[in-house]
Protein chains: 2
Amino acid sequence: MSSRERAATLRLQDVAAAAGVSIATASRSLSGSPGVSATVAQRVRDVAADLGYVANMHARSLAGGPTRSVGLVVHEIGDPYFSEIASGVLGVGAREGLTVQICHTGRDPERELAQLRTLIANRVGAIIIAGSGLVDPSLQAAAKVELQAFRRSGGRVAVIGRHHLGVDAVLPDNTEGARAIAQHLLDLGHRRIAVATGSLSLTTVADRIAGVGEAFAAAGLAFGDVPVVEADFTRAGGKVAVEEILDEHPGTTAVMALNDDMAIGVLSALRARGISVPGQVSVTGFDDVAVAGDLAPSLTTVRLPMGEMGEQALLLALKEPGARPRRRTVGAELVVRDSSAAPPA
Amino acid sequence: MSSRERAATLRLQDVAAAAGVSIATASRSLSGSPGVSATVAQRVRDVAADLGYVANMHARSLAGGPTRSVGLVVHEIGDPYFSEIASGVLGVGAREGLTVQICHTGRDPERELAQLRTLIANRVGAIIIAGSGLVDPSLQAAAKVELQAFRRSGGRVAVIGRHHLGVDAVLPDNTEGARAIAQHLLDLGHRRIAVATGSLSLTTVADRIAGVGEAFAAAGLAFGDVPVVEADFTRAGGKVAVEEILDEHPGTTAVMALNDDMAIGVLSALRARGISVPGQVSVTGFDDVAVAGDLAPSLTTVRLPMGEMGEQALLLALKEPGARPRRRTVGAELVVRDSSAAPPA
DNA sequence: TTGAAAGCGCTAACAG
DNA sequence: CTGTTAGCGCTTTCAA
């Protein structure tokens with residue numbers, strides 16, 4: 001991938017020559033800077049369009065011009081939660097003429113730090129972090145330092161979810177969503193509920209569990225006895241978690257998975273065991289990924305507007321930075337479908 | 001997103017100074033170029049790592065160094081088919097220390113062309129096109145010209161699927177997969193089969209339909225009477241298509257959706273109409289997206305190794321370019337699950 | 001309002 | 001084996 005032998009691409013020089021002006025004037029015309037007569041500016045733009053000229057962003061960036069590129073950090077793009085967020089980001093990116101670099105962290109803080117450094121080295125104008133934050137602030141301390149420096153030097157940052165990063169954030173109301181769905185199960189009469197969750201070190205998980213606790217408290221029930229089984233935040237993790245729940249808590253009538261991916265695994269494992277949903281066991285998810293409504297039984301879950309969250313995050317990052325971090329809360333809406341019902345008599 | 005005010009980031013200069021060498025030596029050490037003693041090179045690398053130095057890719061690229069960045073063109077990243085491919089690409093990208101820019105085309109040739117131009121202007125080292133090609137070569141003629149120029153100037157290109165672009169390609173065996181799944185339905189005894197498909201202008205669709213035709217021919221059946229209903233290659237499109245099939249071809253016993261997304265929509269619409277699958281109507285998909293096995297009924301489909309296709313495409317692009325375009329065929333494997341059975345008696 | 005010229009940080013000749 | 005130096009294409013003072 002050497003570019004040494006790159007053929008002569010169209011340069012600003014060529015446009016300037018074709019328009020009969022200096023490259024300084026051409027530059028000003030194309031970037032819309034003041035100090036050029038309207039007629040000349042227009043002519044230059046026409047010529048550039050005619051020639052199919054596109055500025056070399058490396059040269060532009062190196063010369064201190066504005067960067068039209070943003071970085072998006074996700075845990076795993078194959079996960080529908082993140083791919084839907086990414087879709088939102090790419091959507092406004094395209095509208096705004098921005099280039100979007102996406103990178104994986106695999107939920108590893110070190111990888112995340114490395115990716116952040118790369119993005120910063122690539123001089124992206126903004127960074128969107130879509131993965132959940134970590135409960136322990138110290139694990140992201142290095143990332144925080146890096147991002148602060150990035151912001152001081154004019155970079156924009158926005159995160160999706162609760163982080164200890166001190167930057168603009170789009171916050172899904174995880175606690176309220178979890179409260180609502182837990183209450184839904186309690187209202188149906190479930191008392192032997194188990195929770196299947198991803199890593200407890202994620203703020204997303206902490207917030208959702210807090211919501212579940214709130215619902216129990218509101219119902220005057222003790223949350224302490226509720227089994228909370230930790231596994232991967234994936235379909236496979238859901239299978240693992242539900243096996244454990246079934247084995248160790250045989251009387252369970254409802255499994256709350258803390259994301260849809262796990263819930264799908266739970267449904268699948270239950271079907272494999274011949275346990276009917278919601279007849280014998282109710283199952284709930286969280287996120288409302290696109291496929292949730294098309295499962296059978298369709299999944300009772302909490303809807304998070306992932307695409308919109310991605311859009312909002314980028315829009316937030318694009319805004320003039322404020323004095324203090326801004327927060328945009330997006331609602332989490334209970335969606336009752338067929339996977340939840342009253343417990344067996 | 002101006003970077004004019006960027007604070008002084010670590011430069012190669014700084015590393016060189018800290019290591020007590022010239023920037024030339026530092027450059028060679030970091031890029032692994034020959035002509036530096038192993039000891040010095042190692043010391044420079046240690047110093048750089050210590051300082052947390054990351055090269056400014058814009059400067060590097062502008063100076064004619066190798067570009068560590070690739071562009072990935074997809075129709076829609078929110079579609080699991082593409083997000084799984086993207087996951088494969090990001091995976092090897094991370095391993096190889098490459099930056100990946102992703103962009104949407106929304107299946108619009110003009111948007112695709114524009115994105116291609118941007119990628120090229122951004123001086124990516126390689127471009128991976130993951131969306132299906134078009135049956136009509138003229139629609140991609142402009143893209144072809146652009147890509148040829150890109151390649152002549154040292155850029156690498158690989159596509160996934162059949163395109164008329166004359167470049168390296170990863171080719172899923174769509175025809176064989178479709179033949180196999182059609183034969184599966186015919187073997188089960190289905191004779192009133194309908195096809196629900198995305199745009200007929202896609203080569204992917206053309207190839208899959210050809211495969212279906214082959215199966216009919218092999219069975220000595222006429223394919224001409226089979227209803228082929230065209231709609232969006234999405235869940236919603238599947239719903240639309242199956243409504244039409246049900247209304248206009250009431251005797252249909254099997255619906256072959258030409259991708260899983262449509263199949264999910266078909267299943268959903270059938271469930272809404274109270275039609276049992278596979279009791280009354282069998283349904284098949286194509287791709288085997290992650291969720292296909294977790295649907296109820298689980299989906300009979302054709303497995304395409306999307307992640308691997310993404311990996312292969314990038315690996316292909318990274319290789320020294322050959323004299324002629326290379327092709328890597330990946331198998332399409334029939335996966336029989338619960339959504340297909342013998343037609344009702 | 002326009003043009004000339006000085007870099008941005010790096011790579012790759014070319015010298016030593 | 002190491003250092004010096006000339007650009008890469010663009011933006012942006014500074015002069016005209």
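Because the structure is a prediction, the values reported are computed rather than measured. Just so it is clear: chains get the letters A, B, ... in the order the sequence lines come, proteins before strands, and each one is counted from 1.
- Summarising the geometry of A317(A) relative to A126(A), their closest heavy-atom pair is CB-CB, 4.1 Å, with the distance given to 0.1 Å.
- Residue-to-nucleotide proximity on DNA chain C shows that, of S33(B) and A59(B), the 5′-proximal contact is made by A59(B).
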Hey, what are the protein-to-nucleotides 3-6 of chain C N/O distances that come in under 3.5 Å?
from, atom 1, to, atom 2, distance (Å)
dG3(C), OP2, S22(A), N, 3.0
dG3(C), OP2, S22(A), OG, 3.1
dG3(C), OP2, T25(A), OG1, 2.7
dG3(C), N7, R28(A), NH2, 2.8
dG3(C), O6, R28(A), NH1, 3.3
dG3(C), O6, R28(A), NH2, 3.2

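- At whole-Å resolution of the value, CG in L62(B) and P in dT11(C) are 11 Å apart.
- Atom NE2 of residue H75(B) and atom CD1 of residue I129(B) lie 10.0 Å apart, to the nearest 0.5 angstrom.
- A sub-4.0 Å separation between OP1 or OP2 of dC10(D) and a side-chain N or O of Y53(A) is present.
- Residues forming a salt bridge (charged side-chain N to carboxylate O under 4.0 Å, His left out) with R326(A) (at least two apart in sequence, or on another chain): D168(A).
- Rounded to whole Å, the distance from CE on M57(B) to P on dT11(C) is 11 Å.
- For S22(A), the side-chain hydrogen bond (donor to acceptor under 3.5 Å, both in side chains) partners are T25(A), not counting sequence neighbours.
- Partners of H104(B) according to the ring pair (Phe, Tyr, Trp, His ring centres under 6.0 Å) rule, which considers only residues two or more places apart in sequence or in another chain, do not exist here.
- If you take CG of N56(A) and P of dC8(D), they are 12 Å apart, rounded to a whole angstrom.
- Scanning residues 37-47 of chain B for heavy-atom distances under 4.0 Å to DNA chain D yields S37(B), V40(B).
- Nucleotide dG9(C) holds its P atom 18 Å from the CZ atom of R60(A), rounded to whole Å.
- Rounded to an integer number of Å, the gap from L12(A) CG to dC8(D) P is 14 Å.
- Where the helix from dT1(C)-dA16(D) to dG16(C)-dC1(D) starts and where it ends, the local axes point in directions that differ by 40°; five pairs per end, rounded to 10°.
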Contacts table for residues 81-91 of chain B: side-chain donor-acceptor under 3.5 angstrom, sequence neighbours left out:
from, atom 1, to, atom 2, distance (Å)
S83(B), OG, P80(B), O, 3.4
E84(B), OE2, A290(B), N, 3.0
S87(B), OG, E76(A), OE2, 2.5

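- Remark: R107(A) engages no residue in a salt bridge (charged side-chain N to carboxylate O under 4.0 Å, His left out) (not counting sequence neighbours).
- If you take CD of Q13(B) and C1' of dT11(C), they are 14 Å apart, rounded to a whole angstrom.
- Remark: R162(B) pairs with D207(B) by the salt bridge (charged side-chain N to carboxylate O under 4.0 Å, His left out) rule, at least two apart or across chains.
- Here ring pair (Phe, Tyr, Trp, His ring centres under 6.0 Å) pairs that include residues 30-65 of chain B, with residues two or more places apart or in two chains, are H58(A)-H58(B).
- The list of side-chain hydrogen bond (donor to acceptor under 3.5 Å, both in side chains) pairs with a residue in residues 90-99 of chain A, not counting sequence neighbours, reads T99(A)-N122(B).
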Indicate every side-chain donor-acceptor pair of residues 136-146 of chain A with a distance under 3.5 Å to a residue at least two apart or in another chain.
from, atom 1, to, atom 2, distance (Å)
D136(A), OD1, S138(A), N, 2.9
D136(A), OD1, S138(A), OG, 2.8
D136(A), OD2, S138(A), OG, 3.1
Q140(A), OE1, L134(A), N, 3.4
Q140(A), NE2, E112(A), OE2, 3.3
E146(A), OE1, R117(A), NH1, 2.8
E146(A), OE2, R117(A), NH1, 3.4

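- We find that NE2 of H58(B) is positioned 12 Å from P of dG9(C), with the value rounded to whole Å.
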